[in-house]
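The structure appears below as structure tokens.
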Amino acid sequence: METIKVIVAGPRGKMGSEALRMIEKTDNLELVACLDHKYEGVSIRELDELPNLDARIYTDIEVCFQDVDADVLIDLTTPEFGYLHTKTAIQYGIRPVVGTTGFTDDQLQELTDLAEEKEIGVIIAPNFALGAVLMMQFSKWAAKYFADVEIIEKHHDNKLDAPSGTAIKTAQLIQEERQVKQQGHPNEKETIPGARGADFDGMRIHSMRLPGLVAHQEVVFGSVGENLTIKHDSFHRQSFMTGVKLAVEQAVKLDTLVYGLENILE
């Protein structure tokens, strides 16, 4: 199998450092550079607690893409930088694999149009854990039969966006199958604003942020005399790396933007 040359944005973050470890253990992936906001010119192997990889850190994305021959950019940063990195990578003919959530619909459309213009594969996934992807697909299936549903997502307290991208994607998939319904009593009133969570097409989404959590979601369906709960837990960020690896290998075969890992699963 031909080696895929990879740049990682955010190598010192919890997700970025896991991506480095995954690359180190994968024969057909080669780390050729990293993007960070500091440590210009330093090699990854010189930083504590990171793998022994000889790849230079760049702080300027334009210089990095001009200097380095790369196939794929793995971006696991923030929505603000993720959007900029993705757009710039497409312009340089580098295929982005993005685990950053929080893109607007307008940004996704712009990136889709640019990817198709450049005929460049892009994969943006709200969640790279295969179990989470299956949880979303099972929820979509269940929504054909259960119109009443609430989503409870739980993440670590350093997560910046709420609801999570996974929760939003789950709600969108449910929306495709669910009979439109405004849930709860018609005269329901929140005595404390926000108590019932976010309203998405009549269903409710609740976000928890606590130390000790990683990424967890429950989709709870209700009907007469029964409940159905579809639940997924990621206890360690290693759980996302199988999906990241799969996305990298698939991105080099695509010529458009794909949103959601489920779209590349057989």
Side-chain angles (χ1 to χ4, degrees), residues 1-100 103 107 110-125 128 237 240-258 264:
M1 185 179 294
E2 187 175 348
T3 298
I4 301 171
K5 299 178 180 179
V6 179
I7 297 171
V8 172
R12 293 180 297 113
K14 292 178 180 178
M15 284 285 286
S17 60
E18 284 298 332
L20 296 184
R21 295 183 187 98
M22 180 272 293
I23 292 169
E24 183 181 34
K25 294 182 289 187
T26 305
D27 292 339
N28 65 317
L29 302 185
E30 177 188 358
L31 183 71
V32 293
C34 288
L35 284 168
D36 203 332
H37 66 274
K38 62 180 183 178
Y39 295 110
E40 169 67 35
V42 174
S43 175
I44 286 295
R45 61 164 45 123
E46 298 176 54
L47 299 181
D48 292 340
E49 300 183 3
L50 292 185
N52 185 32
L53 295 170
D54 186 20
R56 175 184 167 180
I57 295 174
Y58 288 82
T59 56
D60 187 312
I61 189 171
E62 300 271 356
V63 173
C64 178
F65 290 167
Q66 290 167 12
D67 283 359
V68 178
D69 177 24
D71 302 304
V72 171
L73 168 71
I74 297 176
D75 188 278
L76 303 165
T77 58
T78 64
E80 177 186 0
F81 289 104
Y83 168 71
L84 173 63
H85 293 168
T86 302
K87 184 175 180 179
T88 307
I90 296 170
Q91 292 169 335
Y92 275 86
I94 298 172
R95 298 160 179 82
V97 168
V98 186
T100 305
F103 291 148
Q107 288 175 331
E110 180 185 3
L111 294 173
T112 299
D113 293 342
L114 186 59
E116 291 180 353
E117 176 189 335
K118 299 288 187 180
E119 297 184 340
I120 286 290
V122 180
I123 297 176
I124 300 176
F128 279 110
R237 289 169 179 83
F240 304 115
M241 292 305 118
T242 302
V244 172
K245 177 178 178 292
L246 174 65
V248 168
E249 293 171 344
Q250 292 299 313
V252 297
K253 303 174 184 178
L254 299 173
D255 58 5
T256 188
L257 185 147
V258 171
I264 61 170

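Since we're looking at a predicted model, the values are computed, not measured.
- With a 6.0 Å radius and a threshold of 12 heavy atoms from other residues, nucleotides or ligands, Glu119 has its CD atom at or below the threshold.
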Task: Full working for side-chain contact (heavy atoms from CB on, under 4.5 Å) between Leu35 and Phe81 - done: CA-CA 11 Å; Leu35 284 168; Phe81 289 104; over 6 Å; no
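- Proximity of Val248 to Thr26: side-chain heavy atoms (C-beta onward) are nowhere separated by under 4.5 Å.
- The shortest side-chain heavy-atom distance between Phe240 and Leu76 does not fall under the 4.5 Å cut-off.
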- [ ] Kindly indicate, with the supporting measurements, whether the criterion side-chain contact (heavy atoms from CB on, under 4.5 Å) is fulfilled by Leu53 and Cys34.
- [x] CA-CA 11 Å; Leu53 295 170; Cys34 288; over 6 Å; no
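- Residues Asp71 and Thr3 approach most closely at OD2-O, 4.0 Å, considering heavy atoms.
- The minimum heavy-atom distance linking Pro96 with Gly121 is given by the pair CD-O, 3.6 Å.
- Contact between Gly82 and Thr77 at its shortest, heavy atoms only, is N-OG1, 3.5 Å.
- Rounding to the nearest 0.5 angstrom, the gap separating the CZ atom in Phe65 from the OG1 atom in Thr88 is 6.5 Å.
- Within the 4.5 Å cutoff, the side chain of His37 has heavy atoms near those of the Arg12 side chain.
- In this structure, Thr86 OG1 and Gln107 CD are separated by 9.5 Å, a value rounded to the nearest 0.5 Å.
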- [ ] Kindly determine whether Arg95 and Leu254 satisfy side-chain contact (heavy atoms from CB on, under 4.5 Å), including the steps that lead there.
- [x] CA-CA 9 Å; Arg95 298 160 179 82; Leu254 299 173; over 6 Å; no
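- A salt bridge does not link Glu18 with Lys14: every distance from a Lys NZ or Arg NE/NH1/NH2 to an Asp or Glu carboxylate oxygen is 4.0 Å or more.
- You'll find the side chain of Ile23 stays beyond 4.5 Å of the side chain of Pro51, heavy atoms only.
- Side-chain contact between Leu111 and Lys87 is present, with at least one heavy-atom pair separated by less than 4.5 Å.
- Across all non-hydrogen atoms, the minimal contact from Phe128 to Ala247 is CE2-CB, 3.7 Å.
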- [ ] Could you give me the CA-CA distance, side-chain angles and deciding distance for Met22 and Leu29, then say whether side-chain contact (heavy atoms from CB on, under 4.5 Å) is met?
- [x] CA-CA 9 Å; Met22 180 272 293; Leu29 302 185; 3.7 Å; yes
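- To the nearest 0.5 Å, atoms NZ (Lys5) and CD1 (Ile94) are separated by 11.5 Å.
- To the nearest 0.5 Å, atoms CD (Gln91) and CD1 (Ile120) are separated by 11.5 Å.
- The CG atom of Leu84 lies 5.5 Å from the CD1 atom of Ile61; values are rounded to the nearest 0.5 Å.
- Across every non-hydrogen atom of Ser17 and Leu50, the tightest pair is CB-CD2, 3.7 Å.
- Not one N or O on the side chain of Asn52 forms a donor-acceptor pair closer than 3.5 Å with the backbone of Arg45.
- Contact check for His85 versus Val98: no side-chain heavy atoms found under the 4.5 Å cut-off.
- Pairing each heavy atom of Asp54 with each of Ser43, the nearest pair is OD1-OG, 3.4 Å.
- Contact check for Ile7 versus Val32: side-chain heavy atoms found under the 4.5 Å cut-off.
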- [ ] Any chance you could lay out the side chain to side chain donor-acceptor pair (under 3.5 Å) test for Glu110 and Tyr83, step after step, and finish with the verdict?
- [x] CA-CA 10 Å; Glu110 180 185 3; Tyr83 168 71; 2.4 Å; yes
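- Side-chain contact between Tyr92 and Leu73: absent, with no pair of heavy atoms (C-beta onward) separated by less than 4.5 Å.
- Going from atom CD1 of Ile123 over to atom CG of Leu246 covers 7.0 Å, rounded to the nearest 0.5 Å.
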